[in-house]
Amino acid sequence: MNENIKELIGQRQSTRNFTDHEVETQKLVEICQLSCLAPSSCNSQPWRLHIVQRPSPKVPKITEACQTVGLNKFLNNVSSYIVIEQTFGNMKSKSGGFFAGNNLTPIDIGIMAAHICLAAQAEGLGTCMIGSFRRRTILKAMGFGPTRRVRLVIAVGYPAPDDKLREKKRKSFDETIFVEKD
């Protein structure tokens with residue numbers, strides 16, 4: 001396997017300590033463009049990506065929405081977010097998922113979000129996916145009506161020098177990988 005991809009995946013972690021250095025808008029745009037190349041069910045691409053950066057007044061409101069029940073205090077110095085909104089996708093994907101008994105849209109969004117994190121990592125940026133947030137507060141912060149669906153918020157920034165690579169604590173491969181040949 002390509003050593004670059006091994007290194008990229010091995011070094012990616014949820015960043016919880018960012019510097020004050022602002023992320024260049026063009027980097028965020030390129031990361032989002034690359035992530036939109038991610039596969040999706042029947043090419044439905046059921047997402048909209050919203051890049052929100054300081055000095056936008058939305059940044060502190062998004063931070064507040066993501067600090068529900070005392071979580072995510074590290075977001076206080078985050079200057080950039082990618083807010084992932086779920087869209088309808090297409091009928092082929094919806095009907096295929098319905099007949100299979102599987103909603104494919106959240107899977108598609110997860111795949112695309114992983115692409116964001118890896119593309120950011122390749123640019124020397126850290127990310128942290130935030131799935132726990134106050135729904136109404138984030139909708140209000142973004143200026144969205146009640147029918148819009150924010151599915152994930154990704155904090156993006158330059159990791160602080162003391163944000164060292166942590167040991168990965170994962171289940172053993174024997175518990176998670178099974179080779180079926182017959």
Side-chain angles (χ1 to χ4, degrees), residues 1-18 27-51 66 68-69 71-72 74-75 78 80-133 135 138 147-159 163-182:
M1 182 170 291
N2 183 302
E3 289 302 315
N4 293 336
I5 194 73
K6 284 183 180 180
E7 184 177 339
L8 189 67
I9 291 170
Q11 291 183 350
R12 196 269 154 200
Q13 66 183 2
S14 293
T15 301
R16 292 191 176 84
N17 190 5
F18 296 92
K27 273 191 182 182
L28 292 169
V29 169
E30 288 174 5
I31 288 165
C32 288
Q33 288 171 338
L34 279 172
S35 71
C36 287
L37 298 175
S40 62
S41 172
C42 301
N43 200 25
S44 61
Q45 304 168 54
W47 52 68
R48 280 192 196 114
L49 306 180
H50 303 269
I51 298 169
C66 293
T68 182
V69 255
L71 297 173
N72 306 320
F74 66 91
L75 294 175
V78 170
S80 301
Y81 290 104
I82 298 172
V83 177
I84 302 174
E85 178 186 4
Q86 177 183 321
T87 61
F88 183 72
N90 63 33
M91 282 306 295
K92 196 187 279 187
S93 174
K94 289 283 185 199
S95 59
F98 174 79
F99 289 114
N102 197 2
N103 182 359
L104 302 172
T105 299
I107 297 167
D108 292 342
I109 289 174
I111 294 166
M112 185 272 305
H115 278 60
I116 288 174
C117 293
L118 290 174
Q121 180 73 29
E123 288 294 323
L125 297 169
T127 55
C128 189
M129 291 190 203
I130 310 295
S132 177
F133 48 80
R135 183 179 180 280
I138 201 102
T147 59
R148 307 271 292 268
R149 299 182 87 175
V150 171
R151 287 302 191 190
L152 199 57
V153 175
I154 301 179
V156 184
Y158 288 95
D163 193 54
K164 302 292 183 203
L165 185 62
R166 298 179 297 276
E167 178 185 348
K168 301 232 184 261
K169 296 177 182 172
R170 301 292 188 262
K171 293 179 180 179
S172 75
F173 294 142
D174 291 339
E175 294 177 84
T176 58
I177 300 170
F178 303 89
V179 178
E180 307 287 338
K181 290 190 176 185
D182 49 306

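Nearest approach of Cys36 to Trp47, heavy atoms of both residues: SG-NE1, 3.6 Å. Between Lys27 and Tyr158 the shortest heavy-atom distance is NZ-OH, 3.0 Å. In plain terms, the two heavy atoms of Asp108 and Ser40 that are nearest each other are OD1-CA, 3.4 Å. Heavy atoms only, all atoms of each residue included: Pro46 and Ile109 are closest at O-CD1, 3.8 Å. Listed here is the closest heavy atom pair of Leu165 and Gln11: CD1-O, 3.5 Å.
The environment of CZ in Phe178 is crowded: more than 12 heavy-atom neighbours from other residues, nucleotides or ligands sit within 6.0 Å.
Within the structure, salt bridge (charged side-chain N to carboxylate O under 4.0 Å, His left out) contacts touching residues 147-158 (residues at least two apart or in different chains) are Glu85-Arg148.
Not counting sequence neighbours, the partners of Glu175 by the side-chain contact (heavy atoms from CB on, under 4.5 Å) test are Lys171, Ser172.
If you run side-chain contact (heavy atoms from CB on, under 4.5 Å) between Ser35 and each of Ile84, Ile111, Ile116, Ile82, only Ile116 comes through. Of the residues listed (Ile154, Val156, Leu75, Leu28), the one engaging Tyr81 in a side-chain contact (heavy atoms from CB on, under 4.5 Å) is Leu75, and it is the only one.
In this structure, NE2 on His50 lies 10.5 Å from SG on Cys32, to the nearest 0.5 angstrom. Between the SG atom in Cys117 and the CG atom in Leu8 there is a gap of 10.5 Å [rounded to 0.5 Å].
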Going through the checks in order, is the side-chain contact (heavy atoms from CB on, under 4.5 Å) test met by Leu49 and Met112?
-> CA-CA 10 Å; Leu49 306 180; Met112 185 272 305; 3.4 Å; yes
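We find that Glu3 and Lys6 are joined by a salt bridge, their nearest charged nitrogen and carboxylate oxygen being less than 4.0 Å apart.
Side chain of Gln13 to main chain of Arg166: a donor-acceptor pair is present (N/O by atom type, distance under 3.5 Å, no hydrogens or angles).
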Listed pairs under 3.5 Å, donor-acceptor, residues 118-133 side chains, sequence neighbours left out:
| unit_1 | atom_1 | unit_2 | atom_2 | d |
| --- | --- | --- | --- | --- |
| Thr127 | OG1 | Arg12 | NH2 | 2.9 |

